Trainee: 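Below is a structure I'd like to ask you about.
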Amino acid sequence: MALGYKDLLARADAAVTSLTGDEAAALLNDPSYVFVDIRDPRELDREGVITGAHHAPRGMLEFWIDPESPYHKPYFAEDKTFVFYCASGWRSLLATEVAQQMGLKCASLRGGFSDWKKNGYPVSERG
């Protein structure tokens, strides 16, 4: 195997900005930031979401970002900074790297939703 998941994570970590829970929480009500949950819908139903976050399943992310895709979501065309998160921060780290390569301003939430929830930051039920 040329590259394993640890190699991919290390490469992404070196290429993107990651935010701590405190840093991200300070941006939660800033309209220039959009939080994007890339977890599987079952995870959202089971665990909840960061209050106010959009959901973009990891498997559809590139298609939702690209304005030429029939699946494009207009909020990705806004001049905002996107904060991607998943359960532990691994999938969102890779997603952030791809989104950055596609031209978005973005960051990854270090420690993911698990750390966010454990530290008492705002969580809502999926709705």
Side-chain angles (χ1 to χ4, degrees):
M1 178 176 291
L3 290 174
Y5 82 94
K6 290 178 183 177
D7 299 313
L8 294 171
L9 289 171
R11 182 178 71 188
D13 195 33
V16 306
T17 298
S18 291
L19 302 174
T20 65
D22 286 342
E23 291 168 331
L27 302 171
L28 195 55
N29 295 314
D30 184 331
S32 64
Y33 286 82
V34 176
F35 283 70
V36 181
D37 191 321
I38 64 162
R39 296 175 298 152
D40 180 275
R42 293 173 298 235
E43 293 175 276
L44 279 65
D45 291 340
R46 185 176 57 243
E47 300 291 329
V49 298
I50 291 177
T51 302
H54 287 271
H55 179 235
R58 177 63 190 100
M60 292 300 294
L61 185 62
E62 292 85 347
F63 302 102
W64 285 19
I65 291 172
D66 188 339
E68 294 187 25
S69 165
Y71 303 105
H72 174 68
K73 298 296 182 191
Y75 70 88
F76 280 120
E78 297 176 5
D79 185 21
K80 309 267 182 164
T81 299
F82 297 88
V83 179
F84 293 97
Y85 71 93
C86 63
S88 67
W90 289 4
R91 289 173 286 176
S92 60
L93 192 57
L94 298 175
T96 302
E97 182 181 35
V98 167
Q100 183 173 285
Q101 290 169 351
M102 293 181 77
L104 294 185
K105 294 182 288 186
C106 49
S108 181
L109 176 60
R110 192 171 297 285
F113 185 74
S114 298
D115 280 357
W116 180 273
K117 192 172 182 179
K118 180 179 75 177
N119 287 305
Y121 298 115
V123 173
S124 300
E125 288 188 23
R126 183 177 182 198

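Positions are given from 1, in the same order as the sequence printed here. Keep in mind that this is a model prediction, so the values were computed, not measured.
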Trainee: Looking only at non-hydrogen atoms, find the nearest pair between Pro122 and Leu28 and report the distance.
Mentor: CG-CD2, 3.7 Å
Trainee: Which pair of heavy atoms, one from Ser124 and one from Thr51, lies closest together, and at what distance?
Mentor: OG-OG1, 2.8 Å
Trainee: When rounded to the nearest 0.5 angstrom, what is the spacing between CG in Leu44 and CD in Glu125?
Mentor: 12.0 Å
Trainee: Would you say Val83 and Tyr85 are hydrophobically clustered, going by side-chain heavy atoms of ILVMFWY under 4.5 Å?
Mentor: yes
Trainee: Identify, with sequence neighbours excluded, every residue that meets salt bridge (Lys or Arg N to Asp or Glu O under 4.0 Å) alongside Arg42.
Mentor: Asp40
Trainee: Do Ser88 and Ser114 have a side chain donor and acceptor closer than 3.5 Å?
Mentor: no
Trainee: Establish whether Ile38 and Met102 are linked, either directly or via other cluster members, by ILVMFWY side-chain heavy-atom contacts under 4.5 Å.
Mentor: yes
Trainee: For Phe35, which residues count as a ring-ring contact (aromatic ring centres under 6.0 Å, His included) partner, sequence neighbours excluded?
Mentor: none
Trainee: What is the minimum heavy-atom distance between Glu97 and Ala12, and which atoms define it?
Mentor: OE1-CB, 3.5 Å
Trainee: Taking only residues two or more places apart in sequence or in another chain, which ones pass ring-ring contact (aromatic ring centres under 6.0 Å, His included) with Trp90?
Mentor: Tyr5
Trainee: Tell me, please, which residues at least two apart from Tyr75 pass ring-ring contact (aromatic ring centres under 6.0 Å, His included).
Mentor: His54
Trainee: List the residues meeting salt bridge (Lys or Arg N to Asp or Glu O under 4.0 Å) with Asp79, not counting sequence neighbours, and say none if there are none.
Mentor: Lys105
Trainee: Among all residues two or more places apart in sequence or in another chain, which pass the side-chain hydrogen bond (donor to acceptor under 3.5 Å, both in side chains) test with Lys73?
Mentor: none
Trainee: Indicate the atoms forming the closest heavy-atom contact of Arg39 with Arg91, along with that distance.
Mentor: CG-NH2, 3.8 Å
Trainee: If you compare all heavy atoms of Ser18 against all heavy atoms of Arg110, which two are closest, and at what distance to 0.1 Å?
Mentor: CB-NH2, 3.2 Å
Trainee: List in chain and number order the residues that pass salt bridge (Lys or Arg N to Asp or Glu O under 4.0 Å) with Lys6, two or more places apart in sequence or in another chain; answer none if no residue qualifies.
Mentor: none
Trainee: Can you name the residues that form a side-chain hydrogen bond (donor to acceptor under 3.5 Å, both in side chains) with Tyr33, not counting sequence neighbours?
Mentor: none
Trainee: Treating Ile, Leu, Val, Met, Phe, Trp and Tyr as nodes and any side-chain heavy-atom pair under 4.5 angstrom as an edge, say whether Leu9 and Phe113 lie in one connected cluster.
Mentor: no
Trainee: To the closest 0.5 Å, what do you measure between CG (Asp13) and CG (Leu8)?
Mentor: 12.5 Å
Trainee: Could you tell me whether the side chain of Asp7 and the main chain of Gly4 form a donor-acceptor pair under 3.5 Å?
Mentor: yes
Trainee: Counting heavy atoms not belonging to Tyr121, are there more than 12 under 6.0 Å from its OH?
Mentor: yes
Trainee: Between Thr20 and Asp22, do the side chains contain an N or O donor and an N or O acceptor separated by less than 3.5 Å?
Mentor: no
Trainee: Name all residues meeting the ring-ring contact (aromatic ring centres under 6.0 Å, His included) criterion together with His55; count only those two or more places apart in sequence or in a different chain, and write none if there are none.
Mentor: none
Trainee: Give a yes or no on whether the backbone of Ala15 and the side-chain of Gln100 come within a donor-acceptor separation of less than 3.5 Å.
Mentor: yes
Trainee: How long is the span from the CG atom in Leu94 to the OG atom in Ser108, to the nearest 0.5 Å?
Mentor: 8.5 Å
Trainee: Over all heavy atoms of both residues, which pair between Cys86 and Ser92 is shortest? Give the atoms and the distance, please.
Mentor: SG-N, 3.3 Å
Trainee: Find out whether Ile50 and Leu109 are in side-chain contact, i.e. whether some heavy atom of one side chain is under 4.5 Å from a heavy atom of the other.
Mentor: yes
Trainee: With ring pair (Phe, Tyr, Trp, His ring centres under 6.0 Å) as the rule and sequence neighbours excluded, what pairs involving residues 9-28 come up?
Mentor: none
Trainee: Taking the side chain as C-beta and beyond, is there a heavy-atom pair between Leu61 and Val98 under 4.5 Å?
Mentor: no
Trainee: Checking Asp66 now: which residues fulfil side-chain hydrogen bond (donor to acceptor under 3.5 Å, both in side chains) with it, not counting sequence neighbours?
Mentor: none
Trainee: Please check if the distance between the ring centroids of Trp64 and Phe76 is under 6.0 Å.
Mentor: no
Trainee: Kindly check if the number of other-residue, nucleotide or ligand heavy atoms within 6.0 Å of CG (Asn29) is above 12?
Mentor: no
Trainee: According to salt bridge (Lys or Arg N to Asp or Glu O under 4.0 Å), who are the partners of Glu47, at least two apart in sequence or on a separate chain?
Mentor: Lys117
Trainee: How about Trp116 and Val123: do any of their side-chain heavy atoms sit closer than 4.5 Å?
Mentor: yes
Trainee: If Ile, Leu, Val, Met, Phe, Trp and Tyr residues are connected whenever their side-chain heavy atoms lie under 4.5 Å apart, and connections chain through other members, are Phe84 and Val16 in the same group?
Mentor: no
